[in-house]
Amino acid sequence: VQLQASGGGLVQAGDSLRLSCAASGRTFSSYNMGWFRQPPGKERGFVAAISWSGSSTYYADSVKGRFTISRDNAKNTVYLQMNSLKAEDTAVYYCAANSRARRTAQAMGVSGVADSWGQGTQVTVSS
C-alpha cells in the first residue's frame, strides 16, 4: 500500500491541526494504521495507532488526551487530530501501515515496524 500524508504546517502553541494519510489500493481495511514522528535531531517514535476496523486505538503517553487517531475505510484515509499543540510536538509526522495478518496495531506501536511508510509531513509548533 502506498501512503500520502498531508496537513502539516506552522501553528502556535495551543492550536489544533489535523493530519491526513491517504492510502492507495483496495485493501485499506486489511491494514492497521499508525502515526509516528521524528523531532529534530531525535529518532522516530510512536504517536498513535488504530486497528483495521477502527475499534481499537493506542497512544503514546505524551499525546494521550490531546491527539485522536481515526480512519475512514470508505475513503482509504487515516487521520490524526492534534489539539492543544505544544512546542515539543514539533516533528516530521509519518503515517504507517501494517497488514493485520502480520502485526497488530499495538505491536506496530511497540515495535515501530511497519510494512509501508508515507513520505512525512512537517508540523512546527511555535511557543
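The chain is numbered in sequence order, starting from 1.
- Smallest separation of non-hydrogen atoms from Asn73 and Trp52: ND2-O, 3.2 Å.
- Within the structure, the side chain to side chain donor-acceptor pair (under 3.5 Å) test picks out the following pairs touching residues 61-70 (sequence neighbours left out): Arg37-Ser62, Asp61-Lys64, Arg66-Asp89.
- Residue Asn32 holds its CG atom at 9.5 Å from CZ of Arg103, rounded to the nearest 0.5 Å.
- Closest non-hydrogen pair, Tyr94 versus Gly118, comes out as CD2-O, 3.6 Å.
- A distance-only check finds no donor-acceptor pair linking the side chain of Ser55 to the backbone of Ser53 [under 3.5 Å].
- Within the structure, side chain to side chain donor-acceptor pair (under 3.5 Å) pairs that include any residue of residues 104-120 comprise Arg102-Asp115 (at least two apart or interchain).
- Atom-to-atom distance recorded for Ile69:CD1 and Ser56:OG is 11.5 Å, nearest 0.5 angstrom.
- You'll find the side chain of Leu80 stays beyond 4.5 Å of the side chain of Val78, heavy atoms only.
- Judged purely by distance below 3.5 Å, without hydrogens or angles, the side chains of Thr90 and Glu88 never pair a donor atom with an acceptor atom.
- Atoms CE and OG, from Met33 and Ser51 in turn, are 12.0 Å apart once rounded to the nearest 0.5 Å.
- Checked by atom type, the side-chain pair Ser16/Asn83 shows a donor-acceptor distance below 3.5 Å.
- Counting heavy atoms from C-beta outward, Tyr59 and Val47 have side chains that stay 4.5 Å or more apart.
- Annotation for Ala5 and Thr121: closest pair CB-CG2, 4.3 Å, computed over non-hydrogen atoms.
- Between the side chain of Asp15 and the backbone N or O of Ser84 there is no donor-acceptor pair closer than 3.5 Å.
- For the pair Val125 and Val123, the minimum side-chain heavy-atom distance is below 4.5 Å.
- Closest heavy-atom contact between Val1 and Ala23: CG2-CB, 3.7 Å.
- Asn98 and Arg100 are not linked by any side-chain donor-acceptor pair at a separation below 3.5 angstrom, with hydrogens and angles left out of the test.
- Under a 3.5 Å cut-off, the side chain of Thr124 and the backbone N or O of Leu10 do not form any donor-acceptor pair.
- A distance of 8.0 Å separates OG in Ser6 from CG in Leu19, rounded to the nearest 0.5 Å.
- In this structure, the side chains of Cys21 and Trp35 come closer than 4.5 Å at one or more pairs of heavy atoms.
- In terms of heavy-atom proximity, Ser127 sits nearest to Ala87 at CB-CB, 4.1 Å.
- Between Phe46 and Phe36, the ring planes lie perpendicular to each other; the angle is over 60°, past the 30° to 60° tilted range.
- Taking hydrophobic clusters as Ile, Leu, Val, Met, Phe, Trp and Tyr residues chained together by side-chain heavy-atom distances below 4.5 Å, Tyr79 does not share a cluster with Tyr58.
- Annotation for Ala97 and Met108: closest pair C-SD, 4.4 Å, computed over non-hydrogen atoms.
- Taking OH from Tyr31 and CG from Leu3, the interatomic distance works out to 9.0 Å, rounded to the nearest 0.5 Å.
- Remark: the backbone N or O of Tyr93 is not paired with any side-chain donor or acceptor of Arg44 at under 3.5 angstrom.
- The 12-atom threshold is exceeded at CD of Gln38, counting heavy atoms of other residues, nucleotides or ligands nearer than 6.0 Å.
- Atom CZ in Phe67 sits 5.0 Å away from atom CG in Leu85 (nearest 0.5 Å).
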